[in-house]
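Every heavy atom of this structure was used, including side-chain atoms; hydrogens, water molecules and symmetry mates were not.
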Amino acid sequence: FFLLFIKNNYCLMGWLRVITKPRRVLKSLLYDSKKKGARSVLSFSHAHNSDHNDSDDEEADTVDLLNNSNNSNNLSCVDSSSKGDSADEDKKISSSRSYVNAITVVIFLEFFSWGLVTTILPEVFSNFFGPESKWIVLGLTQGLKGFLSFLSAPIIGAMSDSFGRKMFLLVAVATTCLPIPFLLLSNLWWHVIIVALSGISSVTFSIVFAYVSDVTTEAERSAAFGQVSATFAASLVISPALGSLLQVYAGINAVYIVSSVIALVDVIFIAFWVPESMTRTTEGKQFEWKHASPFTSLKVVFSSTYMLQWSVIVFFSYLPEAGQYQCLIMYLQSVGFTKPDLATFIATVGILSIIAQTAVLSYMSKRFSEKTIIIIGLIAQLLQLALYGLLTGRTALFIIGIVLAFSSLNYPAVSALLSHNASKEQQGTVQGMVTGIRSLCTGLGPAIFGSLFQYVETPLNDEVQSRSSMSGVPGAPFLVGCAFVFVALFVAANVTARKRRDVDAPAAMEVVASDVEDDIARLVEPHSPTRQTSVIEIK
């Protein structure tokens with residue numbers, strides 16, 4: 001409140017003394033800062049005049065200004081400026097929504113194109129590589145892709161902090177979707193190789209979350225991240241079913257062509273309709289390779305207890321999630337799910353994930369901290385993994401999907417929390433670090449889960465297995481995943497809160513002084529002695 005008061009009122013004063021309990025002033029400032037932004041200075045003036053006239057009011061607040069004779073002129077100056085600031089603030093809110101909506105379209109088109117081929121690829125890979133070899137090929141492919149993304153995500157994130165988001169968003173989406181047209185070739189090794197190499201720059205979410213951080217306030221950020229994550233779920237609600245339907249009526253090549261066209265439309269949309277976000281916040285900082293190296297990022301992580309804790313949480317929560325994402329569909333087929341059952345299951349979980357990451361997350365973000373939301377999400381993840389490990393009934397597995405949907409709160413909440421603790425110039429680097437850890441898990445998770453399913457002799461294939469042919473606990477790998485999530489939950493429950501004073505004080509003061517000086521230059525005449533005095537005193 002005090003900093004907001006100083007910013008809105010410096011041209012009214014040579015210096016300011018707040019004597020005692022400025023209760024009424026703060027109430028007025030709080031109310032008008034929500035309703036009218038910078039125009040709160042007028043309410044402060046009214047509160048000051050009222051307090052000055054009513055000397056018997058015990059709650060009155062006394063504020064002495066040295067330049068009382070110039071108050072009326074200064075008020076008119078601030079009033080006209082504040083009206084413009086209020087209009088600008090409304091424009092920023094509207095523009096912020098348009099930016100987030102644009103990035104939502106990008107995410108939807110990208111993952112919708114991949115969703116069309118989701119239910120087709122396992123069968124295609126099985127026919128080309130063989131039932132036994134397909135999981136080895138998929139595991140090695142995703143492992144190499146994840147490792148390359150782990151190396152490149154911090155670099156691309158840091159470069160986007162310097163050169164802007166749009167160019168790297170375009171490259172990330174184009175690279176991620178590039179393997180789809182190669183499915184049209186008879187030799188699937190080309191597709192596999194391109195998928196593996198695409199990890200160099202297929203880090204869409206790190207760029208997207210940095211983009212959203214550029215155009216939203218801290219209060220809006222959790223809901224905006226939830227909207228983006230929900231879009232990922234929305235793209236998978238009907239796309240697998242549509243892909244299977246298109247395969248039946250038009251052939252498998254038609255699915256590949258439609259998917260490739262949608263990916264091309266997404267790239268064109270980014271090139272011509274997605275605006276650059278960096279111009280709204282700050283000029284790009286000078287890029288330094290030493291800050292982009294993933295190994296340097298690891299040094300930073302281990303030098304900070306706070307970042308180390310959240311890195312552990314991301315790793316141990318997403319590792320079982322990545323393994324479950326790759327293996328769950330085949331596991332459900334093994335325990336009796338038909339293709340219509342799978343389509344219904346995917347659609348149900350997708351719709352519930354949308355609700356969880358939009359309405360529920362928005363409601364919770366207004367009432368709970370990000371840490372509390374993350375703990376709730378981890379509890380839901382722990383519960384659904386335990387139930388998948390113990391139960392095999394078709395109806396029970398459908399019901400567990402409800403809990404699975406609400407475990408999707410973790411990623412947007414963690415990204416929002418880390419974004420709040422990073423400066424504007426570090427958003428890409430921070431989100432790149434998170435994406436790098438998740439990419440590493442994307443490679444390790446399926447390999448670990450696949451090996452565990454093989455160890456407990458639960459075959460992952462298209463055929464329904466009899467209950468007697470499976471081990472005593474066919475879902476045992478999910479129980480192992482519970483152990484990973486429990487580690488993340490334990491760390492999250494004991495993570496230390498990071499306060500604002502942890503931010504580098506000299507750098508923060510430099511930014512504040514620069515902002516104040518710019519505002520004084522705008523509101524005070526260039527050669528006025530008041531300007532020079534105000535600059536010195538505010539600094």
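Remark: Leu409 CG to Ile374 CD1 distance equals 10.0 Å, nearest 0.5 Å.
Nearest heavy atoms, Val349 versus Ala405: O-CB, 3.8 Å. Minimum interatomic distance between Glu276 and Lys166 (heavy atoms only, all atoms of both residues): OE1-N, 2.9 Å. Taking each heavy atom of Thr442 and Pro446 in turn, the nearest pair found is O-CD, 2.9 Å. Of all the heavy atoms in Ser213 and Phe225, the pair that sits closest is OG-CZ, 3.3 Å.
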Can you list, pair by pair, the side-chain donor-acceptor contacts under 3.5 Å of residues 255-264, counting residues two or more places apart and other chains?
residue	atom	partner	partner atom	Å
Ser259	OG	Ser113	O	2.4
Ser260	OG	Tyr256	O	2.8

Would you tabulate the side-chain donor-acceptor contacts of residues 201-212 under 3.5 Å, counting partners in other chains and residues two or more places apart, or write 'none'?
residue	atom	partner	partner atom	Å
Ser201	OG	Thr175	OG1	2.8
Ser202	OG	Ser198	O	2.8
Thr204	OG1	Glu110	OE1	3.4
Thr204	OG1	Glu110	OE2	3.2
Ser206	OG	Val203	O	2.9
Tyr211	OH	Pro275	O	2.7

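In this structure the side chain of Gln381 never reaches within 4.5 angstrom of the side chain of Phe484, judged on heavy atoms.
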For this session: Show your working on ring-ring contact (aromatic ring centres under 6.0 Å, His included) between Phe478 and Tyr331 and close with a plain yes or no.
Result: CA-CA 11 Å; Phe478 298 115; Tyr331 172 74; 5.2 Å; yes
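In this structure, the side-chain hydrogen bond (donor to acceptor under 3.5 Å, both in side chains) partners of Ser408, at least two apart in sequence or on a different chain, are Gln357. Every residue two or more places apart in sequence or in another chain that forms a side chain to side chain contact (heavy atoms under 4.5 Å, CB included) with Ile351 is listed here: Val237, Ile355. Considering only residues two or more places apart in sequence or on other chains, Leu178 meets the side chain to side chain contact (heavy atoms under 4.5 Å, CB included) condition with Phe182, Ile194. The side chain to side chain contact (heavy atoms under 4.5 Å, CB included) check on Ala233 picks up Ser353, Ile354, with sequence neighbours excluded.
Between the side chains of Asp341 and Thr338, at least one donor N or O lies within less than 3.5 Å of an accepting N or O.
Note: Phe108 and Phe112 have parallel aromatic rings, judged against thresholds of 30 and 60 degrees for the angle between ring planes. By the 30° and 60° cut-offs, the orientation of the rings of Tyr325 relative to Phe232 is tilted.
Residue-environment remark: CZ (Phe398) exceeds the threshold of 12 foreign heavy atoms within 6.0 Å.
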